[in-house]
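The structure appears right after this line, and notes come after that.
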Amino acid sequence: QAQLVESGGGLVQAGGSLRLSCAASGGSFRSYTMGWFRQAPGTERQFVASIMWSGGSTDYVDSVKGRFTISRDNAKNTIYLQMNSLKPEDTAVYYCGAGSYNSRWRGNYGYWGQGTQVTVSS
């Protein structure tokens, strides 16, 4: 059964860094786009970044460009989100998703992990 498992969240001070991981198993995601989304309390799940597993093309929401980097490790079937210069407004539950197309649309992503909490204190 296809499964995505996130890890790496935690509490960090503003200006600090975290690296999130998303391990994929039980299915072949090599033709998929892998995305990171985040959801703060009372808001909808929003696109953060994506990477095409085949080819490595990336996309970022403007608010994280220059601070976050998405990458993949084919051998480990794992996607990463390196987050630097974190701000309090980055506080959210971060979710990893797998989608059929290269898209920012949440509905494109049919597989989701359980989420990992990121809290940035000021």
Closest approach of [X] to [Y] (non-hydrogen atoms, all atoms of both residues):
X	Y	answer
Q114	L4	OE1-O, 3.8 Å
V48	V64	O-CG2, 3.8 Å
Y109	G35	CE2-N, 3.6 Å
L20	G9	CD2-N, 3.6 Å
A98	M34	CB-SD, 3.7 Å
A2	F29	CB-CZ, 3.7 Å

Original post:
When L18 is tested against each of T116, V118, D90, L11 for side chain to side chain contact (heavy atoms under 4.5 Å, CB included), which residue passes?
Top reply: V118
Subject >> Criterion side chain to side chain contact (heavy atoms under 4.5 Å, CB included) against V61, the qualifying member of F68, F47, F37 >> reply: F47
Would you confirm whether [X], through its side chain, and [Y], through its main-chain N or O, come within 3.5 Å as a donor-acceptor pair?
X	Y	value
T91	V120	yes
R104	Y60	yes
E6	G115	yes
N108	Y101	yes

For the [atom1] atom of [X] and the [atom2] atom of [Y], what is their distance to the nearest 0.5 Å?
X	Y	atom1	atom2	result
Y94	Q117	OH	CD	9.5 Å
E89	S63	CD	OG	8.5 Å
I79	S50	CD1	OG	10.0 Å
R67	S17	CZ	OG	10.5 Å
I51	T33	CD1	OG1	9.5 Å
R38	M83	CZ	CE	9.0 Å

Subject >> Trace of the side chain to side chain contact (heavy atoms under 4.5 Å, CB included) decision for N74 with W53 >> reply: CA-CA 8 Å; N74 289 345; W53 213 307; 2.7 Å; yes
Subject >> side chain to side chain contact (heavy atoms under 4.5 Å, CB included) between S25 and N77, worked out >> reply: CA-CA 7 Å; S25 63; N77 285 334; over 6 Å; no
Subject >> Of all pairs that satisfy disulfide (SG to SG under 2.5 Å), the ones with a partner from residues 87-117, not counting sequence neighbours >> reply: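 Every disulfide (SG to SG under 2.5 Å) pair that includes a residue of residues 87-117, provided the two are not neighbours, is C22-C96.
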Original post:
Is it true that K65 and D62 have a side-chain N and a carboxylate O under 4.0 angstrom from each other?
Top reply: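 A salt bridge links K65 with D62.
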Original post:
Would W112 and I70 show up in the same hydrophobic cluster when neighbours are defined by side-chain heavy atoms closer than 4.5 Å?
Top reply: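 Yes, it is one cluster - the side chains of W112 and I70 are joined through contacts under 4.5 Å.
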Original post:
Within 45° of the six-membered ring axis of Y95 and under 6.0 Å from that ring's centre, is NZ or CZ of R45 located there?
Top reply: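 Yes, R45 sits over the ring of Y95.
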